[in-house]
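Here the structure comes first, spelled out in structure tokens, and everything after it is commentary.
Order of the sequence lines fixes the chain letters, A, B, ..., with proteins taken first and strands second; residue numbering starts at 1 for each chain. In what follows, every heavy atom counts, from backbone to side chain, and hydrogens, waters and symmetry copies are set aside.
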Amino acid sequence: MNPDHPCIVQRDFTVLLEMGLPGSEWARSQLQIYAELVKSPSAFHTYHITPLSLWNAAALGWSAEDIQNSLYSMSRWDIPRDLLNDVEQLVSRYGTLTLSRGMKEDGGIKTGKANSYTIGDRLILAAETPALLNELLTKQELKQLGLLRVDEESASVPPENRGLLKQELTRLGYPVVDTAGYLEGNQLSFTLGKGQTKLQLRDYQVKAADAFEGADGLGGSGVLVLPCGAGKTVIGMAVMNRLQCEVLILTSNTTSVRQWVEELKQKTDIPADSIGEYSGQKKEVRPITVATYQILTHRRTKDGDFEHMKLLSERKWGLIIYDEVHLLPAPVFRATADIQATRRLGLTATLVREDGCERDVFSLIGPKRYDMPWKELERQGWIAQVDCVELRLPMTAELLERSMRAEGRQQYRIAAENPIKLEAVRSLMQHHSGLPTLIIGQYLDQLRTLAQELGVPLITGSMSQTERVRWFDAFRKGVIRTLLVSKVANFAVDLPDAAVAIEVSGSFGSRQEEAQRLGRILRPKSGENKAYFYALVTENSKETDFAARRQLFLIEQGYEYAVRRFSVTEAIGSRDAKPGDRGKKKEA
DNA sequence: AAGTCCGTAA
DNA sequence: CAGGGTACGGACTT
């Protein structure tokens, strides 16, 4: 124990990390692996060690001892003995239950007590100790899944309940290592790159694909977490390439469907007519099929079921890719429980769900296999270095009065629409004049006011696609330097990259949204490779708390928000400089 | 017969 | 919370 160490480890699974000490950065990178950031006010960041965070670390190969040693190495004081024991116990649970096809290691069929059962196609759930199995067999939820005792340490289960069993056991606190293997799926041979030009994979892209494959080459389910701009589709293709099979790719929207299709045509030698789009517009089922989550979850009639869900078993897919797996809707979870014999790859930039279904991602898609911190990608120069600033704006007396009269949920909006934000935006635009700038917000009223006052074009959902593309092109060419965008910025794949992002308002505490918006300025920049992110927040308001929550994911990734105050005098200063600035934007 | 636009639903 | 995307059927156009 060492008074200079940055962490205070508490009995309740909380770790306090003091920032700004020599060991702080290293501690943060350690905690990122087996803990979750829950609060980050000023000097102390609060992390939580949860069963799930421990199991994900275990799946990455961390033992209880590794984690304990890591905690020792950064802890300021003695670590509560009981906590160390609990960590030991939780981590060791990963691996005490395995699911397999009724084979023994020597390859022979496991028969158990003579004539006591027939294995048939049933899967074998093996526990490390008889006591554990006994305990599980008392659980009603598991009996309902057809769990039958085979011998002292194992039970059998019908293969169709493979997913539900894992989901239930994870909920009960006993994660299962699934070694029951996968169906091979229809074969499809192809190479990465076209003709002579091979697709050059980056170092970490190869590592990510390796991690999915597993050291034994038997892997085939799990999640790869990579920042925006890391080339998730390329990694997907690298995995596909190793498996050489037919693949179903699920994505969150049609633009992204088209993007997958385009990239596959561009970067592989798979014939164009072997790649299909399955969406509202087209219903092509080809050896490589790209579909939206939406179409799978769509119900035509009120009583009807999910008629498109059969796509999951329509062909013998050798792999299903879940792009942006953090957005996976509940019905697709349910359907995924039924197809556990198919390989599953989840891709995401933020493995956080605001609905708390991380556990289902873990049990039904698979554990986290690879996680590249955003800052690491930045260090390697693949994405721009971003300066994040939380710009705090005063609450005027008038605003405060309106806020006091309003209901709780209206108060947030009043703070978010603080009119001083206009002056702040003006001042930031002036400060970064010449750099491509996106102003992103959530309330159309606010955005329209800004558009009018600043003379900047506004893109919202109601603007037709063709008109959007026109503005995007003008922005890309540098004809216009600034764009105002609504929530379309959260999804539009074709939104051009910028060097400055100014967030004027956002949905409550969405960590995903914040990450997505930062992602808009990450493409590498010529010259210094720098970009600037500003979150405009009204001081002492409902907005302050939500802003802090939004930032958690990025802070976990190593970003730091410098807090600055925007004063009214500054606002007046920028007003003086307004005419020239305005004139420049007007020509847009 | 096929494409486009629009309102609705969840 | 407000806003946006998606799928789909029906009306209308080509």
Next item on the list: In whole angstrom, give the distance that lies between atom CD1 of A:Ile459 and atom P of C:dG3.
Entry: 17 Å

Next item on the list: Specify the separation, in whole Å, of atom NZ of A:Lys542 and atom P of C:dC1.
Entry: 14 Å

Note to self: I need the CD1-P distance between A:Ile440 and C:dG4, as an integer number of Å.
What the structure shows: 13 Å

Checklist line | Euclidean distance, atom CG of residue A:Leu327 to atom C1' of C:dG4 [Å, nearest integer] | finding: 13 Å

Next item on the list: Could you tell me whether the side chain of A:Tyr561 and the main chain of A:Ile555 form a donor-acceptor pair under 3.5 Å?
Entry: no

Item checked: Heavy-atom donor-acceptor pair, A:Asn253 side chain to A:Ser256 backbone, under 3.5 Å -> yes

Next item on the list: Check A:Arg405, A:Lys542, A:Arg402 against A:Gln411 for a side chain to side chain donor-acceptor pair (under 3.5 Å) and give me the one that passes.
Entry: A:Lys542

Check: Mind checking what makes salt bridge (charged side-chain N to carboxylate O under 4.0 Å, His left out) contact with A:Asp387, not counting sequence neighbours?
Finding: A:Lys530

Next item on the list: If the plane angle is over 60° it's perpendicular, under 30° parallel, otherwise tilted; pick one for A:His45 and A:Tyr47.
Entry: tilted

Margin query: From CD of A:Gln411 over to C1' of C:dC1, roughly how many Å is that when rounded to an integer?
Written below: 14 Å

Notebook entry, point to check: Tell me: CG of A:Asp305 to C1' of B:dA10, nearest whole Å?
Noted result: 16 Å

Margin query: Within 45 degrees of the ring normal and closer than 6.0 Å to the centroid, is that where the cationic atom of A:Lys375 sits relative to A:Tyr559?
Written below: yes

Check: Taking atom P of C:dG5 as reference, at what distance in whole Å does atom CG of A:Leu495 sit?
Finding: 11 Å

Margin query: At 4.0 Å (heavy atoms only), tell me whether A:Tyr443 reaches a base, stays on the sugar-phosphate, or touches nothing.
Written below: sugar-phosphate

Notebook entry, point to check: Looking across every strand, which nucleic acid part, if any, lies under 4.0 Å from A:Arg468 by heavy atom: base, sugar-phosphate, or nothing?
Noted result: sugar-phosphate

Margin query: How many whole angstroms separate atom CD of A:Gln465 from atom C1' of C:dG4?
Written below: 11 Å

Next item on the list: Give a yes or no on whether the backbone of A:Arg162 and the side-chain of A:Lys166 come within a donor-acceptor separation of less than 3.5 Å.
Entry: no

Note to self: Using a heavy-atom cut-off of 4.0 Å across all strands, would you classify A:Thr297 as base, sugar-phosphate, or nothing?
What the structure shows: nothing

Next item on the list: Give a yes/no answer on whether the side chain of A:Arg299 brings an N or O atom under 4.0 Å of OP1 or OP2 in C:dT6.
Entry: no

Margin query: I'd like to compare against my own output: the B/S/- annotation of nucleotides 7-14 of chain C with a strict under-4.0 Å heavy-atom distance to protein.
Written below: SSS-----

Check: Nearest to the side chain of A:Lys487, which nucleotide is it out of C:dA2, C:dT6, C:dC1?
Finding: C:dA2

